[in-house]
There are 2 protein chains.
Amino acid sequence: MEATELLKKHNLRKTATRTEVLKEYLSAGKALSHAELESKLGEHFDRVTLYRTLNSFEEKGLLHKVYDETGTVRFSLCSDHCDVSSHEDDHVHFHCTKCGNSYCLDLPIPEMNLPKDLMINDVYMVANGICKTCQRA
Amino acid sequence: MEATELLKKHNLRKTATRTEVLKEYLSAGKALSHAELESKLGEHFDRVTLYRTLNSFEEKGLLHKVYDETGTVRFSLCSDHCDVSSHEDDHVHFHCTKCGNSYCLDLPIPEMNLPKDLMINDVYMVANGICKTCQRA
DNA sequence: CATATAATGAAACTTTGTTGCATTTACTTT
DNA sequence: AAAGTAAATGCAACAAAGTTTCATTATATG
């Protein structure tokens with residue numbers, strides 16, 4: 001789906017920043033952090049606006065958080081059926097400890113028997129290792 | 001095991017900061033972040049020393065990282081058999097999205113078929129939800 | 001096209017984490 | 001037990017990451 005269409009679908013006003021940011025995610029094929037976005041988009045966009053853009057994208061179900069042991073929070077495109085009321089980003093993530101990149105894997109999170117006294121909303125899972133590219137290098 | 005004993009076992013010099021920090025972890029029963037430690041220990045210990053303490057504890061296999069969607073990195077006590085050469089912290093974690101606390105669960109990480117072209121070192125898993133205490137409140 | 005509402009940009013600030021260096025402390029060896 | 005060495009500490013300065021406030025500008029809707 002295209003940027004403009006995606007924004008409308010999620011009830012977000014179309015602005016220059018949002019369109020550009022969304023395009024980055026649509027073409028990236030991996031999770032992007034605030035810092036990465038900032039360096040990709042150069043000086044054209046305000047730091048603070050970028051933070052706010054990411055937050056509203058997450059809130060509205062366009063992006064979901066991808067995090068790892070470094071404490072860096074990245075974001076990645078959600079699947080079509082995510083929206084404000086339900087994020088269903090129930091797939092495994094991969095984090096390369098060499099290049100630091102993170103990707104969504106097309107792999108569902110396995111079932112488990114979690115303690116009954118905990119109210120579970122969602123489960124997050126990352127496999128840490130070395131990606132294809134870094135294995136060659 | 002006691003603080004002094006644990007330090008010796010992991011080839012760490014016994015210092016006031018390390019002993020105190022270890023005691024906190026031994027009694028906490030949950031993961032603690034740098035900020036939490038700082039407020040628990042008051043002004044007695046240097047911020048930087050605390051960072052360095054946590055890092056060396058992790059490196060030596062005394063603590064392992066516990067992280068969540070907020071980007072806060074916490075640490076939690078490792079089991080007995082962890083050391084410099086092998087961390088085997090292969091259990092599921094729980095993160096309460098209300099109070100922000102994180103705990104280790106006594107639950108192994110389920111097996112999966114990960115893509116063969118990725119070199120996997122370890123898998124991290126967090127269940128997000130509301131803890132027992134916060135459910136009552 | 002006027003208007004209400006939302007998004008932006010800029011400045012200031014807070015929090016979090018790191019680096020370099022001089023001083024102090026812990027452990028080893030004698 | 002004293003000396004020597006290697007490691008840990010404390011401090012200052014810095015760097016990075018994230019937040020808040022508020023005035024200005026832009027978007028979408030009637």
Side-chain angles (χ1 to χ4, degrees), chain A residues 2-24 31-63 65-75 84 100 102, chain B residues 2-24 31-63 65-75 84 100 102:
Chain A
E2 229 186 67
T4 306
E5 199 181 344
L6 277 170
L7 288 173
K8 177 160 279 178
K9 186 185 161 198
H10 291 86
N11 281 305
L12 286 160
R13 292 190 175 187
K14 182 185 175 184
T15 68
T17 310
R18 288 179 177 172
T19 308
E20 282 313 304
V21 169
L22 242 188
K23 277 184 189 170
E24 289 300 331
L32 298 173
S33 67
H34 176 270
E36 286 160 350
L37 265 185
E38 216 182 349
S39 68
K40 267 175 178 287
L41 295 179
E43 310 299 320
H44 305 300
F45 301 97
D46 188 75
R47 245 167 53 78
V48 180
T49 303
L50 240 37
Y51 276 114
R52 289 192 276 224
T53 301
L54 292 175
N55 288 337
S56 46
F57 278 8
E58 202 228 349
E59 199 184 305
K60 295 293 169 76
L62 259 160
L63 299 178
K65 281 187 178 165
V66 176
Y67 46 96
D68 61 60
E69 59 192 9
T70 68
T72 303
V73 176
R74 280 169 229 265
F75 292 91
V84 201
S102 289
Chain B
E2 231 186 68
T4 306
E5 199 181 344
L6 277 170
L7 288 173
K8 179 161 278 179
K9 187 185 160 197
H10 291 87
N11 281 305
L12 286 159
R13 293 191 175 185
K14 183 186 175 182
T15 68
T17 310
R18 287 177 178 172
T19 308
E20 282 314 304
V21 170
L22 242 187
K23 277 184 188 168
E24 289 299 333
L32 298 173
S33 66
H34 176 271
E36 286 161 351
L37 266 185
E38 216 181 349
S39 68
K40 268 175 178 288
L41 295 178
E43 310 299 320
H44 306 300
F45 301 97
D46 190 74
R47 245 168 51 79
V48 179
T49 304
L50 239 39
Y51 276 114
R52 290 192 275 226
T53 301
L54 291 175
N55 288 336
S56 47
F57 279 8
E58 201 228 346
E59 197 183 307
K60 294 293 170 75
L62 260 160
L63 299 178
K65 280 186 178 165
V66 176
Y67 46 96
D68 61 59
E69 58 192 9
T70 68
T72 303
V73 177
R74 280 169 229 265
F75 293 90
V84 202
S102 290

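Here is how names work: the chains are called A, B, and so on, in the same order as the sequence lines, proteins then strands, and each is numbered from 1.
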> Over how many whole Å does the gap from A:R13 atom CZ to D:dT25 atom C1' extend?
11 Å
> Look at all strands and tell whether A:R52 reaches a base, only sugar-phosphate, or nothing, counting heavy atoms closer than 4.0 Å.
base
> Report yes if the side chains of B:L37 and B:L54 come closer than 4.5 Å at any heavy-atom pair, otherwise no.
yes
> Taking atom types as they are modelled, would you say the side chain of B:R47 forms a donor-acceptor pair with the base of C:dG17 within the 3.5 Å cutoff?
yes
> In this structure, are over 12 heavy atoms from other groups packed under 6.0 Å from A:K9 atom NZ?
yes
> DNA chain D: A:A35 or B:H44, which has the more 5' nearest nucleotide?
B:H44
> Over all strands shown, is A:S56 touching base, sugar-phosphate only, or nothing at heavy-atom distances under 4.0 angstrom?
nothing
> Nearest to the side chain of A:V48 - D:dT20, C:dT16, D:dA17?
D:dT20
> Does B:T53 make a side-chain N or O approach to OP1 or OP2 of D:dA8 shorter than 4.0 Å?
no
> B:K14 has an atom NZ; how far is it from atom P of C:dC27, in whole Å?
8 Å
> If only side-chain N and O atoms of A:T15 are considered, is one of them under 4.0 Å from the OP1 or OP2 phosphate oxygen of C:dA6?
no
> Check the distance between C:dT18's P and B:D46's CG and give it to me in whole angstrom.
14 Å
